[in-house]
Structures are given as structure tokens and as C-alpha cells.
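Each chain gets a letter, A, B and so on, in the order the sequences are listed, and its residues count up from 1.
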Amino acid sequence: MKQFYFHKFEDRKPYAAIPDNKYRTLLFQFTGIITITLGFAYLYWRWRYSLNPDALWFALPLVLAESLSFFSTVMIVINFWSNKDAKKAPPVHYLSEIEDLDGRKERPVKIDVFIATYNEDVELVRQSIQDAKNMKYPFTDVSIKIYVLDDGRRDGRDATKENMKIVAEEEGVEYKIREHNEGYKAGNLKNALEHTKGDLFVILDADTRVFPDFLINTTGYFRKEKVAWVQTPQWFYDTTEAQKLSTIINAKLKIENKYLSRFVNVVFGKVKLNEDIFGNDPRLFYDAILRKRNFYNAAFCCGAGSIHRREATMSLAIKDFADSLKKLETDLISKNIKSNEILDQKNILLLKQEIIPFKFHASEDIYTSIMLHADKEHKWESIQHADVECKMLSTQDLDSWIKQHQRYAAGSLDIAFKDNPIFIKGLSLGQKICYFNTIWSYFAPLWILVFLLSPIVFFFTLSLPVKTYSFDFLKYFLPFQLMNTITLTLGGWGISTKRGDQYYISSFWYMLMALFSVLKGKEVKFNVTPKGKHFAKNTQHILPHIIIISLTVLGIIYNSVLVLKGYHPCVSGFFTNFFWCIFNIISLSIMIRAAQWKPLETD
Amino acid sequence: MSPQIGKYNFLLKPLFFIFSLLFASWLVLKIEKLRPSDFGKERYLFENEPVPSVAKYDEQYLKNLFLEYKFGIINSRQLDEKLEFFLKPGNKPAVMKN
């Protein structure tokens, strides 16, 4: 059996979902209301009384950035407002348990499992196939078919490529390919749906390894006929382990002297670094953000690890098909075309037009979710399942991480500019807010950039964005910040947000680039995330971080000299900005550490 | 809980939100009225620095002016203008009028 780097993590156990607690929810709502009220009071004071009239060029961008950031806080409070986990139910057996038979003959349900692959190592896919085969189900007459959907066409025609078809045959599962890559992953799934008949289908990526109870724990939700899909948390079981600082020093400096090595161990042995260095752990997203959207029926599909009702997915495709026919007819009528010709054109379209179940888009999962939620006729529901039912691989180098997150950002922003959920009819207010919240979060680099540059501007111009860092500033700012921290802690109770917070700040540059590329109208491409370690040259990615940190440090040195010599015009401003900078530097430095990270030879 | 009270359960949530809003508003009003003197002996932590004498201001102003010139924030023409303004009887920089 081929050895992979992640084999040493096989024993890792997934986290247990945070138990729901109605008193914690009430406390969150109480503190959330206080935070929003204090935030309004603070911003009222900032706009009305605090702006420095002598430096409006500096004061206005900062207060605007603070206001936009506060808007994010309001959105987060709304997102976290309440929890409504769906009621679990036993696995389904017969078709009549999940949909009306409408005169059809009763039969056991059919379940398809799709494993989408493109260029991943065939032995890695083999492990996903084997785990899918190991899924248990209490009813032997329920057909569970596994399909490998290979968009890389590795069926032996190209001798330079590994042979995926042979692996599928060896494992006794179906193998499906198509002769083009139109629609990326969405197109691959569409091709599979055209050739399969399952009432329910599971979507897995090449590296998604399901646990034996996946189907037992998820199919029961489909007893409710409105449920279109169930998403389970994506758990990355290969995130980097914490390393002792002493081990890092010994390895990097190649210390061989045992006394020196022992001394380093005594001094630095307690300090641990580099745990989940790439900030890949998505627990906050799945266990808090997406799970709490169950309350608004706004949990969206994230692709791998989800199970879908075929009827729902196909209904969307048929609706789109009918809409395009209707649009064509309306266009032709408006052009005064004869009815015979309209009929001909409609027939041509009928023959030509394909039925597309998943939106052909780089963010096909969220886009399709929006459209299903907006279906007024069916009123489809989605469920974010709380427990982890599968494990996956995370990006193992900064270059891959950036590409993956830029695709998420650009995909979501592209939807915002082309088909903004705020204006889509059929979505409820809560759903609109939740989808908008996802999109809004990708605008964050705009205000993060202002927050990163403001101390530098102060250090080198000695201009203040506020009239003064006075008692009034403290009395409005501190209670708001304190309550904000308490509220967010309650919202993500039991989940560490340290790395997530750092990456929220330090990924500003790549998110900004994604925003600009969408604004320039560039097509969002579907980049397949590499599964494995690819230590590309990462230095280019951290240049903006190095520049900002260097300018900040220079500013601190320059201002320290001024303070020590007694020439500084605003000492309180210096200290306020100094502490602000420490936070900025810690946040930005995580990306620099991630760029330098490689497993130690001792690992 | 008796069925008589139970039938008013639907009021609990709205009452809770109204209470939360009222409490938050009361908190804002309290914060607005806060003064450094409310902190008793620790008020010095929040009070603005004591206003220095006029002579001290003069010295500091000149120091800052030369420092700005030294570091290129103002040029020689601006320095000249500001010095002229400073030295003219009756003309004092804004900071000294506080």
C-alpha cells in the first residue's frame, strides 16, 4: 500500500459537535443586543464628535472602515442568533418514506455515491473508494452504488497518466468519464446524474473519506419531503501538529551537542508553535456559522460530504430549462416574429439546450443552494448536520491555500455582482441576510487594509484621525469592544478562533486581489485544490505582509525616539497605536510563518 | 406551570427582547454621563494631562517646529512663515489658546 504523509494522522478522532444550550443562546442574544446598541453609540460619537477636522483625509477613511466593520458585527449577530438543529430520524428504506409515489410502484430507495476526481493520486482515490464501500446500511435491499467520476479521463488512453479506471475496476465500483471538462465539477456531476438513477446521491471529493455511519445518520432527514440536501461538516484531519519550540530550534540549528540540546529543551520546551499553521480547521464555519443558519433555512451546500435528493436538484434544472424557453418566446414576441418561426426556434432550443442540475460556476455549490432556496414552488429546505461524518485533506502549503481561498472569494463575489441574493425573488429575509453575510465577508479586506495602514500613517505624519485619544474615546470604545468579544465568544462557544482571527486579517491581500479580479470582469476559474504537500516558492505571497510589518516597526522606532526626546506631539496617540500595531503584527506574521513552514526532518 | 400561565408563554420572547433593548439603552445613557471624577482616587488615569504653563507651550511649540523642519515635514518657507507668525506680538499658535 502506498504511503502518504497523512497516514500518521489516521488515529485522529473528529471533534464532537457543541451541544445546543438554550440558556447560552439567550445570553448570546442579550449580549448581542447590547453590543449592537453600544456599537451604534460609539459610531454616533465617532461621526458626530471625534473626527479631527485638520486631518479629514485620514479621519474619514478610518471611521468609514470602522462603520463597515461594525456592519459585519451586526450580520454575525444575526447569523448566530439562534440554533435549530434538525430532528434526527432513522435511515430510510422505501421510496414512499421520502417522496409521494404518485401511482408508482413501491420499492427500496436507491442511493448513488459520486467520487469526483480530476488529477489526484489514484491510490488516494482508492482509499476514498474503500471507505465508501465500508459504509453500513441496515437494509440489504437498498441499492448503494459507487461511481468514480474521472474528469481527468485516466482510462488508460494516456500512458503518461496513472490509470484510474483499473483502480475502479479492482475495487468493483463504476467508472464514468466525459470527453470534455465543461462546467468543471458541476459539469462532472451533471454527467453523472444523466447516467444514474439514485433517489439520493452523495457528493464526495477524491480525498473525502466517509465514516461507516454516514448514510445511517443522514438519510433519515429526507423523510421530510421538503429537504433537498444535507451537508455534513468537512473535517480536515491532517492539520499541522503543534511543535515544541525547542525541537524547532534544535532541528533548524542542527544542534548535536547533547548538553546544549538539553539546555534548549529546558528553556523552550514548554512553548509550542505551528498548530494548524495554515488555519485550515473549518470548525467555526461548520459547527457555528453554517449550523446556526439552520434557523433561517439558509445553510448552503459546500460540495463534498453532502447528500442530495435527486428530485430537488433536477427540479431546479427543469425550472431553468423552462425559464430559458419562456425567455426565448418573450424575446421573439417582442421582436414581432411570426408564431410559426417562434415554434421553430423553440424546437431548436429544445433539441439544443441541456438540462443543467448544478449551476456551471466556480462556486457551483453555493450558487445552486441559493437557487434551490429561492424556489417558491417547492420551498426546499437544507440541513447542516452537526456531527462529523467524513474526513478530508487540507491544503499543505501556502500557495495552494491562497489559490483555494481566492477561488472561494472570487466565486462568491462573482455571484454577488451577477446574481445578488439580495435581489433574488423567493428567498426569505433571513436567507437573504445569511447569503449576503457570506458575500459581505469577502469585502473585509477593504476595511482591514485601512486598519493596517492607519497606525503607519499616524507614525509618519503625526496626524491623528480623532481629535484626541481622550476619556470620551475610552468610555465609548472599551465597553463596545468588551461586549463584542463576549458576544463572539458566546456565538462560537467551545471553538478556538485564534487562527481564524489571524487569517481573517492576514489574508487581506489575496482577498483584495480576488475582489479586483472580479471587478475587472475576469472569469473565475475552477482550480482543483492540490491534495498533498507542494512547497512552492511562497516568498512572493508574503511581500505585502513584509512591507507593512517593516513600515510599522520603522514607525514605532521613529516615534519612540520622539517620545524619549520629549518631542512627540501626542504621546497617548503613540501608545494607542503601538498596541494596535502589536495586534496587526501578530496577525500578519502568521502568513509569514506559514510561508516558511515545512515539516521538520524529525517529523 | 399551570395552564393559565402557560398560555402567555408566547410573550416571554418579546418581553426578553424589550428588556434587553431597554437595558442596553440604559447602559448607553450611563456611559454617556461618565466622567473621570466618577473613578474617585483613580481619576488621574483618565484625566487629560495637566495644562502646562505658557512658557512650556512656547518651548514645546518651537521644538516641534524645528523637528518638523528637520524631518522634512515642512520646508524652510513654511518654517519661516510659522516663526514669523509665532514671533509677532499677539499672534499665538492655536494650541496656546487652549
Student: Anything in residues 64-77 of chain B with a heavy-atom distance to chain A below 4.5 Å? Please list those residues in order.
Tutor: Asn64(B), Leu67(B), Phe71(B), Ile73(B)
Student: Crowded around Tyr23(A) OH? As in, over 12 foreign heavy atoms under 6.0 Å?
Tutor: no
Student: Could you grab the distance from atom CG of Leu26(A) to atom OG of Ser20(B), nearest 0.5 Å is fine?
Tutor: 8.5 Å
Student: Shorter than 4.5 Å, heavy atoms on both sides: which option in Ile33(A), Thr31(A), Leu38(A) has the most such pairs with chain B?
Tutor: Ile33(A)
Student: Once the angle between the rings of Phe30(A) and Phe19(B) is folded into 0 to 90°, is it parallel (under 30°), tilted (30 to 60°) or perpendicular (over 60°)?
Tutor: parallel
Student: Does anything in residues 459-473 of chain A form a salt bridge (charged side-chain N to carboxylate O under 4.0 Å, His left out)? List the pairs, not counting sequence neighbours.
Tutor: Asp472(A)-Lys475(A)
Student: Which atoms form the tightest heavy-atom contact between Leu34(B) and Phe471(A), and what is the distance?
Tutor: O-CE2, 3.4 Å
Student: Measuring heavy-atom distances to chain B, does Phe40(A) have an atom under 4.5 Å in its side chain, in its backbone, in both, or in neither?
Tutor: neither
Student: Would you say that more than 12 heavy atoms from the other residues, nucleotides or ligands in this model lie under 6.0 Å from the CH2 of Trp45(A), or not?
Tutor: yes
Student: So what's closer than 4.5 Å to chain B heavy atoms on Leu562(A): side chain, backbone, both or neither?
Tutor: side chain
Student: Measuring from atom OG1 of Thr37(A) to atom CG of Leu27(B), what distance do you get when rounded to the nearest 0.5 angstrom?
Tutor: 8.5 Å
